[in-house]
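Order of appearance sets the numbers: ligands from 1, and atoms from 1 within every ligand.
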Amino acid sequence: MDLRHTGPELDGWILAQVGAGQSPEAVVATLVTRGWAEQAAIDAIDTAVRDHLARHARDAGLPAPARVPAPVAWNGASQIDAGDRRVQVLAHLVHPHVVVFGGLLSDGECDALIELARGRVQRSPTLDPETGRDQVHPDRTSRGLFLQRGENGLLRTIEARIAALTEWPLEHGEGIQLLNYGVGAEYKPHYDYFDPDRAGNRATLARGGQRVATLVMYLNTPARGGATTFPDVQFEVAAIRGNAVFFSYDRPHPMTRSLHGGAPVLAGEKWVATKWLRESRHV
Ligand code: PD2
Ligand code: ZN
């Protein structure tokens with residue numbers, strides 16, 4: 001078989017190899033022995049598999065999968081070098097794709113973010129998918145503050161760390177949102193992606209494409225309650241100061257099992273900083 005050129009023959013061969021259980025590394029190695037440069041072989045495999053999955057999704061009436069940040073490997077390193085800080089990997093779930101990080105923020109950074117927001121937070125809105133306008137909704141009873149990306153030195157430091165940790169371009173991140181929940185406040189289960197079929201989401205989607213991942217960073221440890229929950233898999237992440245939960249969703253569809261919520265705070269208060277990552281540059 002002629003494997004020297006891109007085209008249907010090569011794509012068919014790649015899919016047959018992967019389908020037979022060959023690892024991507026083994027397929028790259030075979031292509032290299034046939035004269036391919038390593039990076040070109042990786043790109044050819046990536047394209048063949050991605051096109052195949054997109055066709056498969058379309059045939060099944062589903063949105064095509066997007067590329068998403070994938071910060072950890074299965075049974076990979078338990079600490080990640082995030083540039084200026086080593087971050088622990090405390091737990092990793094594949095579907096939904098959830099990673100619990102330890103020690104992402106220092107105590108001082110958590111306190112500084114809370115101080116920045118205290119007195120400035122207002123009742124958090126949700127985006128009305130029909131009109132595209134912010135609305136106050138009973139499902140979301142936290143108080144929040146949106147910050148600009150790179151608004152001050154502290155945010156620039158944290159945003160650079162997040163970009164290193166997630167291996168996702170800093171410019172694809174939205175500005176950080178600070179949230180405060182008092183006793184009884186919660187964020188009922190929802191999806192963070194935007195429904196592309198709703199007219200009110202068009203303007204948001206035009207400014208950086210779809211959201212593909214969320215990072216919720218815990219700035220304090222509530223006295224009781226306030227976990228981040230994933231109801232589809234009956235999984236919850238305890239809010240512990242400095243830790244964070246990351247989750248990704250490769251398409252705007254419940255099949256991602258990315259339904260999640262902020263459970264009610266039962267005692268004390270809860271502070272989080274949320275960072276959403278987009279497919280492309282967010283403006
Ligand atoms: O505060 C949380 O745990 C939480 C839960 C679900 C935050 C968000 N979603 C969010 O900011 O989207
Ligand atoms: Zn959310």
Side-chain angles (χ1 to χ4, degrees), residues 68-69 90-91 93 96-102 104-105 110 113-114 117 121-129 134-147 149 158-159 162 166 173-195 201 204 208 210-250 252-254 256-278 282:
V68 297
L90 301 179
L93 187 65
H97 185 208
V98 180
V99 183
V100 183
F101 289 115
L104 174 59
L105 300 178
C110 291
L113 287 173
I114 292 173
V121 287
Q122 293 185 343
R123 176 75 187 263
S124 302
T126 50
L127 187 71
D128 183 330
D134 281 344
Q135 57 173 6
V136 167
H137 197 283
D139 282 358
R140 194 179 193 199
T141 47
S142 56
R143 295 161 63 79
L145 174 69
F146 264 107
L147 302 168
R149 196 173 61 216
I158 294 172
E159 284 164 345
I162 293 170
T166 57
E174 297 181 28
I176 283 175
Q177 182 189 223
L178 299 173
L179 287 179
N180 178 220
Y181 302 75
V183 170
E186 65 180 321
Y187 194 173
K188 292 226 171 84
H190 61 275
Y191 298 99
D192 280 356
Y193 54 70
F194 303 108
D195 182 343
N201 288 333
T204 307
Q210 192 52 265
R211 283 180 177 163
V212 288
T214 306
L215 183 72
V216 177
M217 297 166 274
Y218 304 108
L219 305 182
N220 77 325
T221 306
R224 186 136 184 251
T228 303
T229 62
F230 294 84
D232 287 350
V233 286
Q234 297 183 39
F235 181 67
E236 64 179 21
V237 179
I240 305 278
R241 172 153 127 141
N243 289 3
V245 59
F246 164 95
F247 51 99
S248 66
Y249 23 96
D250 67 1
H253 195 277
T256 55
R257 297 189 188 164
S258 63
L259 184 70
H260 65 284
V265 172
L266 302 175
E269 62 172 347
K270 173 186 174 189
W271 284 92
V272 301
T274 305
K275 179 81 169 172
W276 288 288
L277 305 180
R278 298 287 193 109
H282 183 253

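In this pair, F246 and H97 present their aromatic rings perpendicular. The plane angle is above 60°, beyond the 30 to 60° band. By the 30° and 60° cut-offs, the orientation of the rings of Y191 relative to Y193 is parallel. Aromatic ring pairs are classed by plane angle as parallel below 30°, tilted from 30° to 60° and perpendicular above 60°; the pair F146 and W276 is tilted.
In this structure, a donor-acceptor pair under 3.5 Å is absent between the side chains of Y187 and T228.
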Which N/O atoms of ligand 1 sit under 3.5 Å from a protein N/O, and at what distances?
unit_1: ligand 1; atom_1: 1 (O); unit_2: Y181; atom_2: OH; d: 2.7
unit_1: ligand 1; atom_1: 1 (O); unit_2: K270; atom_2: NZ; d: 3.1
unit_1: ligand 1; atom_1: 3 (O); unit_2: T228; atom_2: OG1; d: 2.7
unit_1: ligand 1; atom_1: 3 (O); unit_2: K270; atom_2: NZ; d: 2.8
unit_1: ligand 1; atom_1: 9 (N); unit_2: H190; atom_2: NE2; d: 3.2
unit_1: ligand 1; atom_1: 9 (N); unit_2: H260; atom_2: NE2; d: 3.2
unit_1: ligand 1; atom_1: 11 (O); unit_2: T274; atom_2: OG1; d: 3.1
unit_1: ligand 1; atom_1: 12 (O); unit_2: D192; atom_2: OD1; d: 3.3
unit_1: ligand 1; atom_1: 12 (O); unit_2: D192; atom_2: OD2; d: 3.4

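Within the 4.5 Å cutoff, the side chain of V237 has no heavy atoms near those of the V216 side chain.
Note on H190: its N/O/S atom closest to the Zn ion (ligand 2) is NE2. As for D192, its N/O/S atom nearest the Zn ion (ligand 2) is the one called OD1.
When atom types are taken as modelled, the side chain of D128 and the backbone of Q135 share no donor-acceptor pair closer than 3.5 angstrom.
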Derivation of the side-chain contact (heavy atoms from CB on, under 4.5 Å) call for R123 and T141: CA-CA 7 Å; R123 176 75 187 263; T141 47; 3.7 Å; yes

